[in-house]
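Presented below is the structure to which this report refers.
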Amino acid sequence: MTINETDVKIMEEKMMKKVLRQKSKQRSRISVFEILGFLLVMAGALVMIIPFIWIISASLKDSTTFFNADWFSRPFHWENYIQVLTRLNFGQYFFNTVKITVLSTIGALLSCSLTAFALSRLKFPGRDLLFSFILVSIFIPTQVTLIPTFIIFKNLGMYNSHLPLILPSFFGNAFGIFLLRQFFMTIPEELSEAATVDGCGPFRLYYQIYLPLAKPVLITLAVLSFQNTWGDIMGPLIYLSDKSLYTIVLGLRLIASSQFLPQPQLEVTGDLFLIIPVLIIFIVAQRYFTQGIQTTGLKG
Amino acid sequence: MKKLFIAILIAVLCLSVMPFGFAKQPVKIRIAYYADEQPAQNMASIINEFQKANPNIKVEINWTDWGSHYEKLKAELAAGGGPTVYLLDSVYIQGYAARGILENLSNRIKIFSKDKYSGLDAVKDPQGRTWAVPQGIQIQVLYYNKDMFDKAGVKYPAADWTLDDMVAAAQKLTITGADGKITQWGLCFPNHIRWGWYSLIRMFGGDLMDKSRTKSTVKTDPQVRAALQFMHDTWYKYKISPTLKDAEGALTPAYHTYFARKYIAMWMDNFSRRIDSNQAGLNYDIQIIPKGPGSKGTHYSAIVANSWVLNKAASKAQKDAGWEFIKFYMSEKGQTLYAAGGEALPANNAVCQAMLKKIDKPEHSLAYLDSMKYADTMGENAVWEEWYQVVQDTLQPYLNDKESLDACLNKLDAGLQKTLDDFYKKKKK
């Protein structure tokens, strides 16, 4: 029995239809899943974005209507934005905040990476014990060390200057050291051994081999450090006395916080200005941030 | 002749040097205060004037907002430093004094008489010692919305009003919407020391502690029970005051905003409430606090005196210089400059009266001054912050209608006494 060309074509068409049907079924199954996933992500995004919309709405109210439940109620008080920019010595405070934040971030990156490198790659007695001590300090609340640290800086004559806000970051912080050490431990030791054989000293090893590899983690640490320092209130509040040294957060508190007539609408308006740089940095560094979190196995 | 000439020359030289030799050494003091922006500028101009009059005293200014002032102060004092002169609200004075960080001003304050100044009693402790000098006064009065009264056809509060009159008016002023929800309350007594329970207890003629402020009288003073029952009735029986559940909704627990947001017709609060009432464009006025019921009832008006204190750790020269500043501040000139800030009533009665006469709103602004004769503290002692929090928390289940008054009073008595003992008994040991 021979099969003519027409039969072959019919069979091919049938096969094609079957395959297409199967593919279409598969596609539709994926589509439903995708839609559900999309909806879930959208719902999550909405939950995340609602506070931002609320802040914008609240920034357009006055001190009395601020507490009313309605959103974007008229009249809009655009003057809040002008007040924040004009009543605050905004330029000066912005400069101070940037100065403290940038220097603190550099300090944190330098000190944490050096310490983490030593704790992960240099072998010396008591290394693990030292790391345990550093790790334990994560659990000590800042409030506990606030007064002793204040006394130290005051006795060093650094009260009413930016130094107490910048210097500590040059002595490392437990979280940053932990984060980087975890990453350095994932780099094969053969790499450092090979470099050592080629005559590479420990500092060169750190600078030329480990640091470039740790770029995503360093960026993660930089973002976190930036975020912590940028919005810090307690440190500047305790150490700064002169208005010319104030940061934006302190300045905002000065115009918004009041014993008798709090101006919460000015505070949220100022917060809007305050989150813009953090948002920009996060968006720019997002790729590295995610990588950093993945490679160190840390979750937020 | 030559000898005489030399003697005269030496005498002239000595005389010319003497003023420098006996001149006071320059003293540096630090003054820390809290204020809003405009009042802070007035404060700065007072300090400028003071420096002009006292060139030997160099002043460093620490100006912050109210909340930051206390946070900064606590850290600095704990570190063994702190400003030479600083502001404290009267409610905190005894707490600071009992911890040994304030200079006893009992002798120095004698230059200020009660005829000329208000609030002097508000800064004394139960032993009669004075630790501070009151400079700005906040006194509680009754605020009422005239438009709401007019609409309901209710007569404005009078000076001889009693709490019963207030309740009767509040019932007429409370408006319920078509959906059964209250849209306007006649008054508001929240779970708060000054706006609610403590003021009511004192208006009923009772108190939570004895005069020594170390022993609870919650169970022995029947007026405490009566006042708390009354407060509960305004929430649930008369339904004229918002409950805690109501505050969870659109009202929010920001009680101090209810009057300006036109949710309530009457509200007991201090001088500063006129700021946002004016800003909100309310048609309002004030009256002295209504008298509590029965023969023991009073017009109790809670007073908070923003006061200057001296740091005990400062040197004698600094303390003296700080005291010079306080004297200057309390002078008519200093108080007049302070009055321009408009946040509080100047402690100097003459300046206060002149200031109130210039105020357009509220119309009967002298009622603030009239209220001074009913002024009394809010049970201040060394653990004021702790005990009022204990009372507020313990009252919560009763005010939520989830506990009987008897059970609440038992817990309240035990909790309050424990808080007092924890400090005073340990101190004795």
Side-chain angles (χ1 to χ4, degrees), chain A residues 58 61-71 73 77 83 86-89 142-155 159-160 164 233-247 249-267, chain B residues 30 32 34-37 39-40 60-81 83 87 89 136 138 249-263 269-282 304 306 341-344:
Chain A
K61 293 182 174 184
D62 63 22
S63 63
T64 312
T65 54
F66 181 86
F67 294 96
N68 289 346
D70 50 351
W71 291 43
S73 55
H77 293 272
Q83 280 201 48
T86 53
R87 278 174 65 186
L88 276 181
N89 192 357
T142 328
Q143 290 84 346
V144 175
T145 53
L146 192 74
I147 304 295
T149 320
F150 179 79
I151 295 171
I152 293 169
F153 281 114
K154 206 177 163 218
N155 290 337
Y159 175 73
N160 199 24
I233 176 89
M234 209 54 194
L237 179 68
I238 302 296
Y239 291 110
L240 304 179
S241 170
D242 274 0
K243 296 284 165 296
S244 61
L245 295 172
Y246 267 28
T247 57
V249 182
L250 271 194
L252 271 177
R253 211 167 151 161
L254 205 59
I255 60 164
S257 168
S258 159
Q259 182 185 15
F260 304 119
L261 189 62
Q263 304 284 330
Q265 81 285 4
L266 293 184
E267 196 157 355
Chain B
R30 189 146 66 92
Y34 55 83
D36 287 356
E37 230 176 350
E60 185 191 333
I61 298 174
N62 279 177
W63 162 47
T64 47
D65 60 275
W66 183 70
S68 304
H69 175 76
Y70 285 102
E71 284 170 37
K72 203 174 168 69
L73 204 57
K74 279 173 187 169
E76 285 194 41
L77 292 169
L87 273 187
D89 285 326
Q138 294 292 342
L251 277 177
T252 76
Y255 307 122
H256 68 281
T257 65
Y258 292 178
F259 188 69
R261 286 158 71 202
K262 299 175 190 168
Y263 277 117
D269 209 334
N270 61 29
F271 175 74
S272 66
R273 192 76 300 119
R274 59 180 279 280
I275 305 172
D276 59 343
S277 300
N278 288 347
Q279 270 182 15
L282 291 190
V304 179
N306 309 129
E343 269 191 337

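Given the structure is predicted, the values throughout are model-derived calculations rather than measurements. Chain letters run A, B, ... following the sequence lines, proteins first and then strands; every chain starts at 1.
Heavy atoms closer than 4.5 Å to chain A are found in both the backbone and the side chain of B:Asp276. Within the 4.5 angstrom heavy-atom criterion, no atom of A:Ile152 approaches chain B. There is no contact between B:His69 and chain A, counting heavy-atom distances below 4.5 Å. Proximity to chain A (any heavy atom under 4.5 Å) is restricted, for B:Thr252, to the side chain, taken from C-beta onward. Of the two parts of A:Pro262, only the side chain, counted from C-beta on, holds a non-hydrogen atom closer than 4.5 Å to a non-hydrogen atom of chain B. B:Tyr263 touches chain A through its side chain: at least one heavy atom from C-beta onward sits under 4.5 Å away, while N, CA, C and O do not. When heavy atoms are compared at a cutoff of 4.5 Å, A:Ile238 approaches chain B by way of both its backbone and its side chain. Neither the backbone nor the side chain of B:Leu73 comes within contact range of chain A; no heavy atom of the residue lies under 4.5 Å from a heavy atom of that chain. Contacts of B:Gln138 with chain A are made by side-chain atoms alone, with heavy-atom separations under 4.5 Å and no backbone atom involved. For B:Asp269, no part lies near chain A; criterion is any non-hydrogen pair under 4.5 Å. With a 4.5 angstrom heavy-atom cutoff, A:Phe66 does not touch chain B via any of its atoms.
Put simply, of A:Asp70, A:Asp62, A:Ile151, the one with the most heavy-atom pairs under 4.5 Å next to chain B is A:Ile151. Among the candidates A:Asn68, A:Ile255, A:Leu146, the residue making the largest number of heavy-atom pairs closer than 4.5 Å to chain B is A:Asn68. With chain A as the partner, the residue from B:Asn270, B:Asp89, B:Ile275 showing the most heavy-atom pairs under 4.5 Å is B:Asp89. Of the listed residues (B:Ala75, B:Ser68, B:Ala40), the one with the most heavy-atom contacts under 4.5 Å to chain A is B:Ser68. Contact count versus chain A (heavy atoms, under 4.5 Å) is highest, among B:Arg30, B:Glu76, B:Glu60, B:Lys74, for B:Glu76.
Nearest heavy-atom pair across B:Ile61 and A:Ser241 is O-OG, 4.3 Å. A pairwise comparison of heavy atoms in A:Leu254 and B:Asp65 identifies CD1-N, 3.6 Å as the closest pair. For the residue pair A:Tyr246 and B:Trp63, the shortest heavy atom distance occurs at OH-O, 3.7 Å.
Surrounding NZ of A:Lys243 are more than 12 heavy atoms belonging to other residues, nucleotides or ligands, all under 6.0 Å away.
For the pair B:Arg261 (side chain) and A:Phe67 (backbone), a donor-acceptor distance under 3.5 Å is present. Formation of a donor-acceptor pair under 3.5 Å by the A:Lys154 side chain with backbone atoms of B:Gly80 is not found in this model.
Between B:Trp66 and A:Arg253 there is no side-chain heavy-atom pair separated by less than 4.5 Å.
The CG atom of A:Leu250 sits 7.5 Å away from atom NZ of B:Lys72, with the distance rounded to the nearest 0.5 Å.
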